[in-house]
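Worksheet for the structure shown next.
Given the structure is predicted, the values throughout are model-derived calculations rather than measurements. Just so it is clear, the values below take in all heavy atoms, side chains as well, and ignore hydrogens, waters and symmetry mates.
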Amino acid sequence: MSSTFSGLVIAVDGTSGSGKSSTSRGVADRLGLRYLDTGAMYRAMTWWMLAHAVDVHDASAVAARVGEPVIVSGTDPLAPSIMLDGDDVSEEIRSDVVNAHVSPVATVPAVRARLIALQRAVIEDALDGAGIVVEGRDIGTAVWPDADLKLYVTADPAARAARRALEEGGTDADAVRASLETRDHIDSTRGGLAVPDGAVHVDTTPYSLDEVIDQIVALAERVSERARA
């Protein structure tokens with residue numbers, strides 16, 4: 001199957017808690033594609049800033065050091081990793097402290113410019129090989145507008161909060177919902193969270209993970225068939 005989808009770029013944008021990451025990994029695995037979690041890169045940058053005592057609410061201070069951290073994303077959908085200065089920080093970047101501070105870091109133009117450049121380099125590397133599923137909040141709008149298939153994944157706010165609370169080990173769903181809505185507002189304001197032109201809207205609320213993956217695989221198959229026609 002991987003030869004059929006070689007060089008395919010699938011851009012997956014959408015809201016937090018909509019199943020975007022699990023769906024993207026599942027689709028990449030099913031189609032034999034690489035996988036890139038761009039959100040992990042922003043989290044790694046945030047973790048580095050916090051670890052180096054940079055005031056993340058001071059955009060100038062963040063911008064002044066944005067070129068220092070060495071961030072390398074693993075692209076195996078079954079074992080995604082994020083390396084920061086040679087160390088795997090996959091667990092650290094999911095901490096509460098990073099959750100609380102990633103938005104102000106992500107709004108800094110210098111951060112976005114550097115990470116988008118890194119993301120494009122990963123995508124370009126996949127064009128002549130396996131192809132790639134890239135997920136985030138601005139993939140189809142800013143990172144790779146020419147993606148072969150663009151998706152915008154959402155879910156009902158209550159469902160999103162319940163899923164994220166379950167992922168976090170039983171966190172209060174109401175508090176999680178408020179946090180998700182705040183993050184969505186911040187990202188929408190900075191232009192990161194938007195529906196890309198030509199994107200297929202996928203509402204995951206009534207479906208299981210496997211059902212959503214099936215839907216997207218079918219879309220990818222149609223895109224690939226049109227490209228070969």
Look only at the side chain of [X] and the backbone of [Y], and say whether a donor-acceptor pair between them is shorter than 3.5 Å.
| X | Y | answer |
| --- | --- | --- |
| Thr15 | Thr154 | no |
| Asp88 | Ser90 | yes |
| Ser95 | Glu92 | yes |
| Arg112 | Thr107 | no |
| Asp13 | Tyr152 | no |
| Ser24 | Val133 | no |
| Lys150 | Pro196 | no |

Could you walk me through whether Leu78 and Arg25 pass side chain to side chain contact (heavy atoms under 4.5 Å, CB included), step by step?
-> CA-CA 7 Å; Leu78 297 181; Arg25 291 195 303 270; over 6 Å; no
Is [Y] reachable from [X] through a run of I, L, V, M, F, W or Y residues, each pair having side-chain heavy atoms under 4.5 Å apart?
| X | Y | result |
| --- | --- | --- |
| Ile139 | Ile71 | yes |
| Leu33 | Leu219 | yes |
| Ile123 | Val72 | no |
| Val70 | Ile116 | no |
| Val12 | Val223 | yes |

Return the [atom1] to [atom2] distance between [X] and [Y], rounded to the nearest 0.5 Å.
| X | Y | atom1 | atom2 | answer |
| --- | --- | --- | --- | --- |
| Met49 | Asp55 | CE | CG | 11.0 Å |
| Leu149 | Ile216 | CG | CD1 | 7.5 Å |
| Gln119 | Met41 | CD | CE | 5.0 Å |
| Ile93 | Leu50 | CD1 | CG | 12.5 Å |
| Leu118 | Ser73 | CG | OG | 7.5 Å |
| Leu36 | Ile82 | CG | CD1 | 8.0 Å |

Using a 4.5 Å cut-off on heavy atoms from C-beta on, say whether the side chain of [Y] contacts that of [X].
| X | Y | result |
| --- | --- | --- |
| Ile10 | Leu151 | yes |
| Trp47 | His101 | no |
| Tyr35 | Glu135 | yes |
| Tyr42 | Val105 | no |
| Thr38 | Val134 | yes |
| Glu68 | Trp48 | yes |
| Val66 | Met45 | yes |
| Pro69 | Arg114 | yes |

Contact summary for [X] and [Y], nearest pair of heavy atoms:
| X | Y | value |
| --- | --- | --- |
| Ala126 | Ile132 | CB-CB, 3.8 Å |
| Ala220 | Phe5 | O-CE2, 3.6 Å |
| Ala63 | Ala110 | CB-CB, 3.8 Å |
| Ala11 | Gly140 | CB-N, 4.0 Å |
| Ala28 | Arg34 | CB-O, 3.6 Å |
| Asp203 | Thr205 | OD1-OG1, 2.7 Å |

Assess the side chains of Asp210 and Ser208: does a donor N or O sit below 3.5 Å from an acceptor N or O?
-> no
Hey, is CD on Glu91 packed in by over 12 heavy atoms from elsewhere, all under 6.0 Å?
-> no
Ion pair present between Asp214 and Arg30, side-chain N to carboxylate O less than 4.0 angstrom?
-> yes
